[in-house]
Amino acid sequence: MPTVLVTGANSGIGLEFARQYGARGWAVIAANRTPFNPGDFAALGPDVTELRYDALQDRTAADLAQRLRGRPIDVAILNAGISEETTSAPEKVTADSFERTMLVNTWAPLHLAALLEENLKAGRAKTLVGISSLASQTGRYDVPRQFAYRASKAALNQMWRNLAVEWKDWGATCLTLRPGRVKTRMTDWQGDLDVDQAVRGMIGLIDAAEPAQSGQFLWHMDQPA
Ligand SMILES: NC(=O)c1ccc[n+]([C@@H]2O[C@H](COP(=O)([O-])OP(=O)(O)OC[C@H]3O[C@@H](n4cnc5c(N)ncnc54)[C@H](OP(=O)(O)O)[C@@H]3O)[C@@H](O)[C@H]2O)c1
């Protein structure tokens, strides 16, 4: 069966990706900073490997890549992300929080993607997914604040477009996806979508993805992102 790697698979959208791919019988590699709750782990499919990954500790990404050396990965979903200082006025946005947000949401996915290039090349689907947000869009999301988060997700989209160019030769499909406003810990369980619905929609996009779409930012609710 195919293999999916998910970062931040212990919570929210990442956990649901692990559940839904596990239910299909896929092998699931969960790259988690915080280990699964035992109950969640037990409910996943039969082939789950949990490895430690902290986006703020380069060594864990290197260790993860080392542990996975030679193992084909069909779909890598770089989902781990943070949202801090979402209500801070411009003058209150701190360099610390801005830097941390950019590291976790933007630099770490790029860094891990690069470390997993050979695994993706060896997989069949060769699909790299970044979990982005409507907040990444200029001109489509007129809500106040969220400065660092918006910058980090806009930059993530751009990095994925770069990767699509960089990896075109070997047939990679690099997508950024907008989940919708989903009821998870990040949104304080507020939102328009339940997590299973959002993830089912995103898996539909991943299933249908082709290399010709590489670099695109997609939305699963049947309208342009
Ligand atoms: N929920 C929404 O409406 C929504 C909308 C648009 C985009 N997104 C994106 O969807 C992704 C998942 O968010 P969620 O809604 O599922 O929120 P969540 O439940 O808070 O999940 C966030 C995940 O990211 C992990 N993470 C955070 N910092 C990390 C680090 N330094 N190293 C490794 N893992 C780290 C968390 O692990 P810990 O448990 O260890 O903190 C957790 O597994 C994020 O990228 C988010 O920006 C969500």
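All ligand and atom numbering here is 1-based and tracks the order in the structure. One is the number of the first residue; the rest follow in order along the sequence.
Summarising the local packing, CZ of R24 is surrounded by more than 12 heavy atoms from other residues, nucleotides or ligands at distances under 6.0 Å. Within a 6.0 Å sphere centred on CZ of R100, heavy atoms belonging to other residues, nucleotides or ligands number more than 12.
At least one heavy atom of G180 sits less than 4.0 Å from an atom of ligand 1.
A single hydrophobic cluster is seen to contain both L5 and L110, as judged by linkage of ILVMFWY side chains at heavy-atom distances under 4.5 Å, directly or through other members. Residues F17 and L112 do not share a hydrophobic cluster, defined by chaining ILVMFWY side chains whose heavy atoms lie under 4.5 Å apart.
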Item to complete: Decide salt bridge (Lys or Arg N to Asp or Glu O under 4.0 Å) for D54 and R59; before the verdict, give the C-alpha distance in whole Å, the side-chain angles of both, and the deciding distance to 0.1 Å.
Response: CA-CA 9 Å; D54 184 335; R59 186 185 41 75; over 6 Å; no
Between S136 and N157, does the side-chain hydrogen bond (donor to acceptor under 3.5 Å, both in side chains) criterion hold? Intermediate values first, please. CA-CA 8 Å; S136 68; N157 293 2; 2.9 Å; yes
- Could you walk me through whether L175 and Q213 pass side-chain contact (heavy atoms from CB on, under 4.5 Å), step by step? CA-CA 8 Å; L175 303 176; Q213 292 174 287; 4.2 Å; yes
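Regarding atom 39 (O) of ligand 1, its nearest protein heavy-atom neighbour is N10 ND2, 2.8 Å. For atom 3 (O) of ligand 1, the closest non-hydrogen atom on the protein side is V182 N, 2.7 Å. With respect to atom 31 (N) of ligand 1, the closest heavy atom belonging to the protein is D54 OD1, 3.0 Å. The closest protein non-hydrogen atom to atom 34 (N) of ligand 1 is A80 CB, 3.4 Å. For atom 36 (C) of ligand 1, the nearest protein heavy atom (residue, atom name, distance) is R185 NH2, 3.6 Å. If you check which protein heavy atom lies closest to atom 13 (O) of ligand 1, you get M186 CE, 4.0 Å. Looking at atom 41 (O) of ligand 1, its nearest protein heavy atom turns out to be R33 NH2, 2.7 Å. Scanning the protein for heavy atoms near atom 14 (P) of ligand 1, the closest one is T184 OG1, 3.6 Å.
At a heavy-atom distance under 4.0 Å, atoms from both the backbone and the side chain of I13 approach ligand 1. At a heavy-atom cutoff of 4.0 Å, ligand 1 is contacted by the side chain of K153 but not by its backbone. If you look at I82 next to ligand 1, the close heavy atoms, those under 4.0 Å, all belong to the side chain.
For atom 19 (O) of ligand 1, the candidate residues are S11, P35, G14; the nearest heavy-atom contact is made by S11. For the residues A108, G81, A30, A31, the heavy atom positioned nearest atom 22 (C) of ligand 1 is part of G81. In this comparison of N105, N79, I131, the heavy atom closest to atom 45 (O) of ligand 1 sits on N79.
Each of I131, L134, L205 was evaluated against R178; a single residue qualifies, L134, per the side chain to side chain contact (heavy atoms under 4.5 Å, CB included) test. For the side chain to side chain contact (heavy atoms under 4.5 Å, CB included) with I29, the qualifying choice from D47, V6, L51 is L51, the only one to do so.
Using a 4.5 Å heavy-atom cutoff, the side chains of W107 and M102 are not in contact. With a 4.5 Å cut-off on side-chain heavy atoms, V75 and W26 count as touching.
Residue contact check: S133 has heavy atoms under 4.0 Å from atoms 6 (C), 7 (C) of ligand 1. Counting the atoms of ligand 1 from 1 in the order shown, those under 4.0 Å from a heavy atom of Y53 are 32 (N), 33 (C). Near G12, with a cut-off below 4.0 Å to any heavy atom, the atoms of ligand 1 are 16 (O), 19 (O). If you number the atoms of ligand 1 from 1 as listed, the ones under 4.0 Å from a heavy atom of T34 come out as 38 (P), 39 (O), 40 (O). Remark: ligand 1 atoms within the under-4.0 Å shell around heavy atoms of S132 are 6 (C), 7 (C).
At least one N or O atom of A55, backbone or side chain, sits closer than 3.5 Å to an N or O atom of ligand 1. Considering backbone and side-chain N/O atoms, P179 never comes within less than 3.5 Å of an N/O atom of ligand 1. Considering backbone and side-chain N/O of V104, none are found under 3.5 Å from N/O of ligand 1. Between G8 and ligand 1, an N or O atom pair is found at a separation short of 3.5 Å. Every N/O-N/O distance between R181 and ligand 1 stays at or above 3.5 Å. By the 3.5 Å distance cut-off applied to N or O atoms, Y149 is counted among the residues near ligand 1. At a 3.5 angstrom cut-off on N or O pairs, T187 does not count as close to ligand 1.
Under a 4.0 Å N-O distance rule, the pair K183/D192 does not qualify as a salt bridge. Checked for salt-bridge contact, D169 and K121 miss the test: no charged N lies under 4.0 Å from a carboxylate O. A salt bridge is absent between E85 and K92; no separation between the charged side-chain nitrogens and carboxylate oxygens falls under 4.0 Å. A salt bridge is absent between R67 and D63: the closest approach of a Lys/Arg side-chain nitrogen to an acidic carboxylate oxygen does not fall below 4.0 angstrom.
The OG atom of S132 sits 12.0 Å away from atom CE of M159, with the distance rounded to the nearest 0.5 Å.
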